[in-house]
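Each remark here refers to the structure printed beneath this line.
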2 protein chains.
Amino acid sequence: MSQRVPTVRDVAARAGVSVGTVSKALNNRGQLRDETRARVVAAARELGFRPNTLAQSLQSGRTYTVAVITTDRFGRFGNPLMLGVEDALGADRVSVFLCDTRDDPIREYHHAQTLDERRVDGIIVAGRRKQTRAPLAVASGVPVVYVIARSSDPSDFCVTTDDVGGGVLAGRHLLAAGRTRIGHITGPERFADPRERAAGLQQVLDEAGLSLAGGQVFYGEWSEDWGRRAAEMLLHAAPDTDAIFCGSDQLARGVVETLRDRRLRVPGDIAVVGFDNWEPMAAGCRPPLTTVDPNLREVGRVAATRLLDMIAGTPVEGGVETVPAWLMLRESTGVRLTEPPLGSN
Amino acid sequence: MSQRVPTVRDVAARAGVSVGTVSKALNNRGQLRDETRARVVAAARELGFRPNTLAQSLQSGRTYTVAVITTDRFGRFGNPLMLGVEDALGADRVSVFLCDTRDDPIREYHHAQTLDERRVDGIIVAGRRKQTRAPLAVASGVPVVYVIARSSDPSDFCVTTDDVGGGVLAGRHLLAAGRTRIGHITGPERFADPRERAAGLQQVLDEAGLSLAGGQVFYGEWSEDWGRRAAEMLLHAAPDTDAIFCGSDQLARGVVETLRDRRLRVPGDIAVVGFDNWEPMAAGCRPPLTTVDPNLREVGRVAATRLLDMIAGTPVEGGVETVPAWLMLRESTGVRLTEPPLGSN
DNA sequence: GTGCCGAAAGAAAACCTATTCCGAATGTTC
DNA sequence: GAACATTCGGAATAGGTTTTCTTTCGGCAC
């Protein structure tokens, strides 16, 4: 038995035809007698022939590969994103290289070089924070789509989440639930994401003629502990608070814990809304957490779809495409729905 | 300006040499004058030449690509694993294809076919549970390493976590902390992982002549809610329990919540040990959770290293390689260490 | 100075695998 | 028997690497 992988030549020999004919037979091209075609197909099957994609790519100039470069250390935010990317790419039999830069520009550069040499059809660059970054150092002509972190080159295309809209959703939902004294606890002020979420909430409050409970946004770290401490601070500053919008589900967990320690009922006394819809965190909370889902899977799907467009030659103009968030309703805001709600924007 | 990617031919023309000479110059092979070599290198740089990996692979038979097939829907367990895989692969400039089967055998089969055609050098198949699965349907000759879920073919190689050892670590640690009435709350009995963890604990108890608090292992779902309910049950059955070993950090979170509701101090009254060392869960807990780290990153590293061995032609005999777990000490067991401890087995 | 040997340098060609284009051989039709 | 269609072989091609072969030159003996 031969350990060598069979090639068209082997198939040709077995079927008693030339290599060109094998190719035509297997790809349904050219003019061939049915009998010949069948003989070739049979020979290929018998040998277990699988065409070498490398050779095909060399010929066609397309590799049917796409790379996802992430700075996220394979963090949790990348998971739903990848799911969306595969949703869009899977249908096209496009394989995906996953590269993690670990936030190191050198590693990113090397990955970019390697991908260049591999002649990937396109690249998705995913940052985990909304910021502006330098364009990827890759050969001109290779389509690149940026996700969440946008490129400093305005002609590049970027897909991102709608954090302002997420804040709006949370705010509107709390107003609709009859809350009027709404506080906000969130992550570091130096990041754009928490600032935007806060802006969304503020916008809703302004429209309703309300002001923020506690008189300020409680910016801090992305930790449960800050959630616990900030909740104490908020309740000290504004004991009559009846709702808290949290910039992440982790923060919300901490907030809920403080509320329970203080014998405050959720949502009875205070309604809580999280952000991320990070399933194990949000669903495991007691009570389960109503939370803004930034729709990362859809972000990934859109990014991959646009990338495929660009690869196909469709011109995609630069700029930012924002994917609407939606609200996952659970018990922490006291509203129960049976329909899975899709947020409008 | 030419949009076409430069080839060796372009470089050769610019340097005034033949294509063969270009190859030799850029790869430091053959006999060339220093002056010639320098001229070629300069020409390549000026043109921004990047060798086409596809052509190189076609020639050499090696693609320097490896695939990771996961059934995990890009779940959290895959993240540390991927990190370990990249640790080992990155040094070799090996790129990794990430394929998610979403637990669908058809998708797995298609991925396997595609990878075959792409002539990947090797494949890592990662399941998320300890079970036996059918070998991957891939061309013979392609090295495959199984992770956690092992292949039914005993000649295949598998790397997995040490769940029994993890249970032993947790048990010994609790004994060392002076606890003697230790309960165990964990996931579904039908899975091997929780059974093994329980067996590890039982082994330690047997050695010490102790028995399980509550008289049984509390098997249930992998949810915080089960942790809360099971803790109630355990405390009802054995009110003098002074330690609880949990089969996951999520369960531990639920357990700790119940304990706090009952005004029991952790670790004062009851020490708690988790499993997974899932950072956001374990560190966010109040108090932070001592937990068994199954060392998934190391599992990934070992799997990739062995795969590279197999690719290099080193014979790797079939069987299971078990990676020791270690204990992450935090406050929920009352012991504080400054050194990051590595678990021995 | 001439002739010979061998080493050095680089050109030329073969090769890796599959696709595609061109043309040759065969068969069909009027 | 000429025009045309059908069927398939052969060669060129993609972009590199590697092997083979040729040219050139230095060194040395006579």
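Numbers restart at 1 for each chain; the letters A, B, ... are given by sequence-line order, proteins then strands.
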Describe the nucleic acid contact of [X] in one word from base, sugar-phosphate, nothing, applying a heavy-atom distance below 4.0 Å.
X        : value
Ser60(B) : nothing
Thr7(B)  : sugar-phosphate
Arg29(B) : sugar-phosphate

OH/Tyr64(B): more than 12 non-hydrogen atoms of other groups inside 6.0 Å: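 Not more than 12 within 6.0 Å, no.
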Neighbour count >12 (heavy atoms, 6.0 Å) for atom CG, Asp34(A):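 Atom CG in Asp34(A) is not crowded, with 12 or fewer foreign heavy atoms closer than 6.0 Å.
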Enter the distance from [X]:[atom1] to [Y]:[atom2] here, rounded to the nearest 0.5 Å.
X         : Y         : atom1 : atom2 : answer
His110(A) : Thr101(A) : NE2   : OG1   : 13.0 Å
Arg29(A)  : Ser23(A)  : CZ    : OG    : 7.0 Å
Ile123(A) : His111(A) : CD1   : NE2   : 11.0 Å
Arg297(A) : Asp87(A)  : CZ    : CG    : 4.0 Å
Asn52(B)  : Thr7(B)   : CG    : OG1   : 9.5 Å

Excluding sequence neighbours, so at least two apart, what forms side-chain contact (heavy atoms from CB on, under 4.5 Å) with Asp293(B)?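 side-chain contact (heavy atoms from CB on, under 4.5 Å) check on Asp293(B) returns Asn277(B), Asn295(B), Trp326(B).
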The complete set of side chain to side chain donor-acceptor pair (under 3.5 Å) pairs with one or both residues in residues 116-125 of chain A, sequence neighbours excluded, reads Arg62(A)-Asp121(A), Thr63(A)-Asp121(A), Glu117(A)-Arg50(B), Arg118(A)-Ser95(B)
What pairs of residues pass the side chain to side chain donor-acceptor pair (under 3.5 Å) test when at least one of them lies in residues 298-312 of chain B, not counting sequence neighbours? Glu298(B)-Arg301(B), Arg306(B)-Glu321(B)
Does Asp163(A) have any salt bridge (charged side-chain N to carboxylate O under 4.0 Å, His left out) partners at least two apart in sequence or in another chain, and if so, which? Lys130(A), Arg197(A)
Side-chain touch Arg128(A)/Thr71(A), heavy atoms, less than 4.5 angstrom: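 They are in side-chain contact.
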For DNA chain C, find the residues of residues 48-59 of chain A with a heavy-atom distance under 4.0 Å and give them by number; none if there aren't any. Phe49(A), Arg50(A), Pro51(A), Asn52(A), Ala55(A), Gln56(A), Gln59(A)
Contact list for DNA chain D against residues 37-46 of chain B - heavy-atom distance below 4.0 Å: none
What parts of residues 11-22 of chain A reach DNA chain D, counting only heavy atoms under 4.0 Å away?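 Heavy-atom contacts with DNA chain D come from Gly16(A), Val17(A), Ser18(A), Thr21(A).
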Shoot me the first and last contacting nucleotide of DNA chain D against chain B, ordered 5' to 3', at under 4.0 angstrom to non-hydrogen atoms. dG15(D) to dT19(D)
Anything under 4.0 Å to a heavy atom of chain A counts; send over the first and last such nucleotide of DNA chain C, read 5' to 3'.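 Range of nucleotides touched by chain A: dT17(C) to dC21(C).
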Taking the six-membered ring for Trp, are Phe97(A) and Phe97(B) ring centroids under 6.0 Å apart? yes
Between Asp156(B) and Ser151(B), the two heavy atoms sitting closest are OD2-OG, 2.7 Å
Tyr146(B) and Pro135(B): which non-hydrogen atoms are nearest, and at how many Å?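 That closest heavy-atom pairing would be OH-CA, 3.3 Å.
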The bend of the helix from dG1(C)-dC30(D) to dC30(C)-dG1(D), taken between the axes of its five terminal pairs at each end and rounded to 10°, is 70°
Show every salt bridge (charged side-chain N to carboxylate O under 4.0 Å, His left out) that has at least one partner inside residues 5-24 of chain B, sequence neighbours left out.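 For residues 5-24 of chain B: Arg4(B)-Asp10(B), Arg14(B)-Glu46(B).
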Does any pair with a residue in residues 138-148 of chain B pass salt bridge (charged side-chain N to carboxylate O under 4.0 Å, His left out), and if so which ones, sequence neighbours excluded? none
Test your reading of the model: is there a side-chain donor-acceptor pair from Arg102(B) to the backbone of Leu83(A), 3.5 Å cut-off?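 Between the backbone of Leu83(A) and the side chain of Arg102(B) there is a qualifying donor-acceptor contact (under 3.5 Å).
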